[in-house]
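Below: the structure, in structure tokens.
Just so it is clear: chains get the letters A, B, ... in the order the sequence lines come, proteins before strands, and each one is counted from 1.
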2 protein chains.
Amino acid sequence: MVAYTLSDDAVDRIFKALADRTRRDIVRRTLTQQASISELAREYDMSFAAVQKHVAVLEAADLVARIPKGRERIIQGNPEAIRRAQQLLGHFEEIWRGRIDRLDALLATDN
Amino acid sequence: MVAYTLSDDAVDRIFKALADRTRRDIVRRTLTQQASISELAREYDMSFAAVQKHVAVLEAADLVARIPKGRERIIQGNPEAIRRAQQLLGHFEEIWRGRIDRLDALLATDN
DNA sequence: AGTATATGCAACCATTTGGTTTCAGATTAA
DNA sequence: TTAATCTGAAACCAAATGGTTGCATATACT
């Protein structure tokens, strides 16, 4: 297994990105089916620019990738990032179970 | 197992609450050791009122409970809420694996 | 009773967030 | 070549966020 070291900033970005229902929906969609930003924008009741900004927030958190293809940018959800976020929460549970007492002791460790 | 139905608002609150390092630290601490708001406030380089507000955000997301005890309010982390958040992310993984195609189809279901 | 401590809450402030409209550049299609 | 489409980026705006100080109230201590 790979060792992940997520900075506080990175964790902030991940949870902040997931704290918006439009962005969660974009992740959900693009996990199973890639889509261009235009295609995504048609699904929501907001401007293209607004959707574009949501995608930028998701990309900054590494929750999606933006793959150039001609004049389009194909958006693809990143299941690995979701798994990392899930592991972060798993660490809280381990703390609760008393297995470890400091979160940062685990963030830089294999699992 | 109990069936959880988390509204979009509730999910927003949970991830928003987790998107701040001070609040994550409060959850971490209070999962293993209860503390009054004053005790928590002494741990951070900000005012009592600021910590009080962070605790309010966590309580609104049900990530901690505020238990009155004399003039104090004892803060206790809620491991069940963490587990629910983890399950939310688990649903994304299930979507990715193609087991389900709509997140809301699972949110109102046993697991 | 009087003092110290713990909390709650309001007012205020700067920055961030989530939306908008507008314009420019790149790519594709006719 | 010309027109249509897709993206990027800037300027702007209202509301939310994360901090502050100040004050009131409740409880505990001497």
Side-chain angles (χ1 to χ4, degrees), chain A residues 7-30 33-77 85, chain B residues 7-30 33-77 85:
Chain A
S7 66
D8 280 343
D9 280 342
V11 179
D12 283 1
R13 277 193 296 270
I14 291 168
F15 285 123
K16 225 164 248 174
L18 290 171
D20 179 283
R21 66 200 66 185
T22 301
R23 288 196 292 261
R24 287 194 300 274
D25 197 69
I26 291 174
V27 171
R28 174 177 72 71
R29 283 179 192 279
T30 59
Q33 181 159 32
Q34 301 181 336
S36 72
I37 305 180
S38 293
E39 284 166 348
L40 288 173
R42 279 178 219 117
E43 302 290 335
Y44 306 102
D45 187 25
M46 65 185 74
S47 68
F48 171 85
V51 174
Q52 202 180 18
K53 282 208 225 174
H54 282 308
V55 169
V57 170
L58 288 169
E59 196 196 12
D62 199 34
L63 284 162
V64 304
R66 224 172 82 267
I67 302 156
K69 182 184 173 193
R71 70 181 149 180
E72 297 179 317
R73 298 296 177 275
I74 302 299
I75 308 304
Q76 185 171 29
Chain B
S7 67
D8 280 344
D9 280 342
V11 179
D12 283 1
R13 277 193 296 272
I14 290 168
F15 286 125
K16 225 164 246 173
L18 289 171
D20 178 284
R21 65 200 66 184
T22 301
R23 289 197 290 262
R24 288 194 299 274
D25 198 70
I26 291 174
V27 170
R28 174 178 71 71
R29 283 178 191 279
T30 59
Q33 181 159 35
Q34 300 180 336
S36 71
I37 306 180
S38 293
E39 284 167 348
L40 288 173
R42 279 181 218 115
E43 302 291 334
Y44 307 101
D45 187 25
M46 64 185 72
S47 69
F48 171 85
V51 174
Q52 203 181 16
K53 283 209 225 173
H54 281 308
V55 168
V57 171
L58 289 169
E59 197 196 11
D62 198 33
L63 284 162
V64 304
R66 224 172 82 269
I67 302 157
K69 183 184 170 190
R71 69 181 151 179
E72 297 178 319
R73 298 296 178 273
I74 302 300
I75 309 304
Q76 187 171 27

Rounded to the Å, how far apart are [X] [atom1] and [N] [atom2]?
X	N	atom1	atom2	result
Asp20(B)	dG19(D)	CG	C1'	11 Å
Lys53(A)	dA9(D)	NZ	P	12 Å
Gln52(B)	dA24(D)	CD	C1'	13 Å

Between the side chains of Asp25(A) and Arg29(A), is the shortest nitrogen-to-carboxylate-oxygen separation below 4.0 Å, so that they form an ion pair? yes
Check this for me: does any side-chain nitrogen of one of Asp9(B) and Arg13(B) sit under 4.0 Å from a carboxylate oxygen of the other? no
Among residues 39-48 of chain B, which residues get a heavy atom nearer than 4.0 Å to DNA chain C?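 Going residue by residue through residues 39-48 of chain B, the ones with a heavy atom under 4.0 Å of DNA chain C turn out to be Arg42(B), Phe48(B).
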Can you sort out which residues in residues 60-73 of chain B have a heavy atom within less than 4.0 Å of DNA chain C? Ascending by number, please. Arg66(B), Arg71(B), Glu72(B), Arg73(B)
So, do His54(B) and Tyr44(B) sit near enough that their side-chain heavy atoms are less than 4.5 Å apart?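 Side-chain contact under 4.5 Å: no.
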Hey, are the side chains of Ile75(B) and Glu39(B) touching, using non-hydrogen atoms and a 4.5 Å cut-off?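 Not touching, per the 4.5 Å side-chain cut-off.
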Which pair of non-hydrogen atoms, one from [X] and one from [Y], has the smallest distance, and what is that distance?
X	Y	value
Asp12(A)	Ala19(B)	OD1-O, 3.7 Å
Leu63(B)	Ala17(B)	CD1-CB, 3.7 Å
Val55(B)	Leu40(B)	CG2-CD1, 4.3 Å
Gly77(B)	Val64(B)	CA-CG1, 4.1 Å

Within 6.0 Å of CD in Gln33(A), more than 12 heavy atoms from elsewhere: no
Between which nucleotides of DNA chain C, read 5' to 3', does contact with chain B run, using atoms under 4.0 Å from its heavy atoms?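 Range of nucleotides touched by chain B: dA4(C) to dC9(C).
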Base, sugar-phosphate, or nothing for Ser36(B), non-hydrogen atoms under 4.0 angstrom? sugar-phosphate
Touch class at under 4.0 angstrom, heavy-atom based, for Lys16(A) against every strand present: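 The residue Lys16(A) makes sugar-phosphate contact but no base contact.
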Hey, what do you get for CG (Leu58(A)) to CD1 (Ile14(A)), rounding to the nearest 0.5 Å? 11.5 Å
Quick one: does Arg23(A)'s side chain have a donor or acceptor within less than 3.5 Å of a partner on Leu18(A)'s backbone? no
